[in-house]
Amino acid sequence: MSVAEVVVDVPTMQTNRPFEYEIPEQLADVVVPGMRVEVSFGRGKRKIQGFVMKIKDTSNFSGKLKPIDRVIDLRPVLTPEMLDLSYWLADQTYSFQISCLQTMLPSVMRAKYKQFVEAVPEFVDDAEVKSLLGDGESLEITSQMTDETIQLINRLRRQNKIEINYVVENQARQLKRQAVTTNLNPIQLREKRNSLRSNAKAQLKLVNYLIDNVDHLPIEMSELENDQDIGRSAIKTAEKNGILEIIEVTKRRKPVGITPEKTTKLALTDEQQQAVDQIVTAIDQSNPETFLIEGVTGSGKTEVYLQSIEQALNQGRSALMLVPEISLTPQMVNRVTGRFGNKVAVLHSGLSSGERYDEWTRIENGSVKVVVGARSAVFAPLKNIGLIIIDEEHEASYKQDDNPRYHARDVALWRAKQHKCPVVLGSATPSLESRARAQKGVYHLIYMKKRVNDHPLPHVQIIDMRDAENSAAKGDISPLLQDNLYRAVKRGEQAIVLLNRRGYSSFMMCRECGFTLKCPNCDVSLTYHKDLSKMKCHYCGHEEPVPTVCPNCKSKKIGFYGTGTQNIERQLNELLPQARVLRMDVDTTRRKGAHAKIIKAFGDHKADILLGTQMIAKGLDFPDVTLVGVINADTTLSISDYRASERTFQLLTQVSGRAGRADKEGHVIIQTFNPDHYAIKDAAVQDYETFYKQEMYLRHQSNYTPYYFTTLVSVAHKDEGQALKQSYWLKRQLQAALSDHSILLGPSPTMISRKQNKYYYQIIVKYKNEPQLHQKLLDILNDTQADTKKGFTIAIDNEPQHID
DNA sequence: AGCACGCCGACT
DNA sequence: GTCGGCGTGCTC
């Protein structure tokens, strides 16, 4: 007898382990680890999806095993490597194994469950059953059903008059299209053409087209119909006459916005060559070493990546390159696809779930050797990886902020060990963690200090916004920035204006009584959305109309406060009416492809000023940009996160790198209320090392990363008292398990203490060496699993990226 | 999660 | 009595 260990799709603590199922005779040779299967689970007839983890000959289960009902895949969708990885990932992130397995796959491979009500044969004519089902044989249970209907279903079921059937749906489908092809060779086609009747014009056109495109068969029907204006009936006739055949083809859903032009290798500088040499040596020696490239903006890191990838490919191996989502611009993608052509798969958020599935299939079946993508691309099913690259290594988006809370860097390092390949981390502003590891020799540090072609660094000016002349100006744009913008536009050059994301929201405040309009569910201000003319909550989506009088004191002096991109856009339009301003923010880039469109328009010089938030700071390269203005450099400094300085430094260094890339000298103007802050001063001169030393000193003083590990434990409950009580219990539990070298902070309410009507409290654990902490946290999760039904949510975030 | 079982109070 | 509500424990 064959037995399969199956992890079932029930994300709870109690079911977070394999269940054994019997492999029926007829599936004996079919079921393999890594496959998805359908099994019944529980007392009822419930059917769910599960992943086969192991196959064995005997069972340790005392009861009777249920059989596997059906296989969902014909071939395994997860390799043994991925199955292994799921154990490690679940353990590291304190998540359910099923959640880990599912995040490794495209979302369409997640099962959809449906329930149908059907009458038990003896009760088909029962009045109530009839009233429920109407004329139909079965009725789908949906979430929109009224409470009365649900109650009726429950009662009828108790009376055994109806039963509920479960259906597991696999959403993953390849796109099928009808296409025509022919068995005839061109000579035979010409013969056919000659024997056509003279009035058969459509046939003639069709046969001619086939002759001309004989190398491009099969041709999709839709192409013939839409582009060539050859009707369906003509095609059918041709089929009848044995000229062609109609077949079904699987089509690759076309990813948008990719127009690769062939690009070639660039000549390397000495620094670049040395970097490539070191990486290539590691590839050749199958050495799972980690490199950290600390390279100033414009030092040509991408070229180093590309030439290293090429070497991996030459060795017959594949390569994985991770970039932050916002850097996945057409510019960057074209550079890679231009070099490696159709061997590349690009996974970005603009893909529809179907397109994503198609790309996944291409990787899985080995037709792709290079994968470029954001965080989740780290799970790309590549075989024989020769190199993994993580560009902009410091980016917080590499950490997923809901379960499983994994860091792509950690997953990459794990996979590199399996594949015996090097990992390259690259950044102009490495995270302190990585830079410190390089210091200790855990990573191999490579400096790239020179800009390609010796482009000079931009001239950076810091503007003190506390100065009278600046605060006297009515708006948010200082006279100096205004003047420079004016001159740049006049010279026919371009400028980028950056607005720091935090604090950009336009919220409503009454100037009479100080009242601010807040979300009734969450503790945050509502922000104004011009497009909808409504006030909206960024956390729960609650919206309400814009008030005209203050709800508190009835004064009419309620108005907008704060600086939004729309607001700055208005100010720019007033100050520089002749300049064309393009705005890029969450509102203007919501539509698919809108992001790329704006970048292209700016690149084509269809606008003079590009105004936006964080998203314009990264990886864009516009040769005509000579001026970068930062409206509010310090709003990230004021937030209560120990990474605030690091984030500010990174952002300012990145934007400053945008100016003066071509032969024109760049100019950067940074407006700030903290002109003496080291993060701002060091960023102005692009001096990472000085910043690193200063920041390390402060982290040391305050016992933070990288001197300490941090783990964040949070509790949420509808009732604030309950949440607080539970968090104190948690703290006592932790205290008992920790040595006195560790530091416990909290419980404290999160910055936004109420989200979606739940109160949040958090405890921060800072530690250097606590071998039992990991197990303790797992135990806590186990002990509190019963409480989740009482409305408690406990989340554990190992090495959190933000503490809010 | 979804289901059964068991216990409890409140009604045709 | 028995219907329906809710807490508890189990699912190969």
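So that the names make sense, note that chain A is the first sequence line, chain B the second, and so on, each numbered from 1.
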Next item on the list: Could you go through the side chain to side chain contact (heavy atoms under 4.5 Å, CB included) check for Leu351(A) and Trp360(A) one step at a time?
Entry: CA-CA 11 Å; Leu351(A) 297 181; Trp360(A) 182 88; over 6 Å; no

Check: Can you check side-chain hydrogen bond (donor to acceptor under 3.5 Å, both in side chains) on Gln49(A) and Tyr113(A), steps first, answer last?
Finding: CA-CA 9 Å; Gln49(A) 189 183 83; Tyr113(A) 299 104; 5.2 Å; no

Margin query: Walk me through whether Leu744(A) and Ile764(A) qualify under side chain to side chain contact (heavy atoms under 4.5 Å, CB included).
Written below: CA-CA 6 Å; Leu744(A) 263 175; Ile764(A) 298 168; over 6 Å; no

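Distance CZ (Arg158(A)) to P (dG4(C)): 6 Å, rounded to an integer number of Å. Whole-Å rounding puts the Ile150(A) CD1 to dG2(B) P distance at 11 Å. The nearest whole Å value for the distance from the CZ atom in Arg46(A) to the C1' atom in dA4(B) is 13 Å. Here the C1' atom of nucleotide dA1(B) and the CD1 atom of Ile48(A) are 9 Å apart, to the nearest Å. Distance CG (Asn154(A)) to P (dA4(B)): 10 Å, rounded to an integer number of Å. Here the C1' atom of nucleotide dC12(C) and the CZ atom of Arg43(A) are 13 Å apart, to the nearest Å. Computed from coordinates, the Phe61(A) CZ to dC10(C) P distance equals 12 Å when rounded to whole Å. Whole-Å rounding puts the Leu156(A) CG to dG4(C) C1' distance at 14 Å.
Of all heavy-atom pairs spanning Ala716(A) and Lys758(A), the tightest one is CB-CD, 4.2 Å.
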Got a list of protein N/O to nucleotides 9-12 of chain B N/O distances below 3.5 Å?
none

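Arg409(A) contributes no side-chain N or O that, together with a main-chain N or O of Tyr398(A), makes up a donor-acceptor pair within less than 3.5 Å.
Val765(A) is not listed as a side-chain neighbour of Glu770(A), based on a closest heavy-atom distance of 4.5 Å or more. Here the side chains of Glu128(A) and Leu156(A) are in contact, with some heavy-atom distance below 4.5 Å.
Residue Arg155(A) places at least one side-chain N or O under 4.0 Å from the OP1 or OP2 atom of dG4(C).
Here the side chain of Gln151(A) is nearest to one of dG5(C), dC12(C), dG2(B), namely dG5(C).
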Anything under 3.5 Å between a donor and an acceptor, one on a side chain of residues 772-779 of chain A, the other on a protein residue two or more places apart or in another chain? List them.
| unit_1 | atom_1 | unit_2 | atom_2 | d |
| --- | --- | --- | --- | --- |
| Gln772(A) | NE2 | Ala737(A) | O | 3.2 |
| His774(A) | ND1 | Tyr94(A) | OH | 3.0 |
| His774(A) | NE2 | Asp91(A) | O | 3.4 |
| His774(A) | NE2 | Asp91(A) | OD1 | 3.0 |
| His774(A) | NE2 | Asp91(A) | OD2 | 3.1 |
| Gln775(A) | NE2 | Asp779(A) | OD1 | 3.1 |
| Lys776(A) | NZ | Gln733(A) | OE1 | 3.2 |

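For residues 6-33 of chain A, proximity to DNA chain B is found at Val10(A), Thr12(A), defined as any non-hydrogen atom under 4.0 angstrom from a strand atom.
A 6.0 Å sphere centred on NZ of Lys725(A) holds no more than 12 heavy atoms belonging to other residues, nucleotides or ligands.
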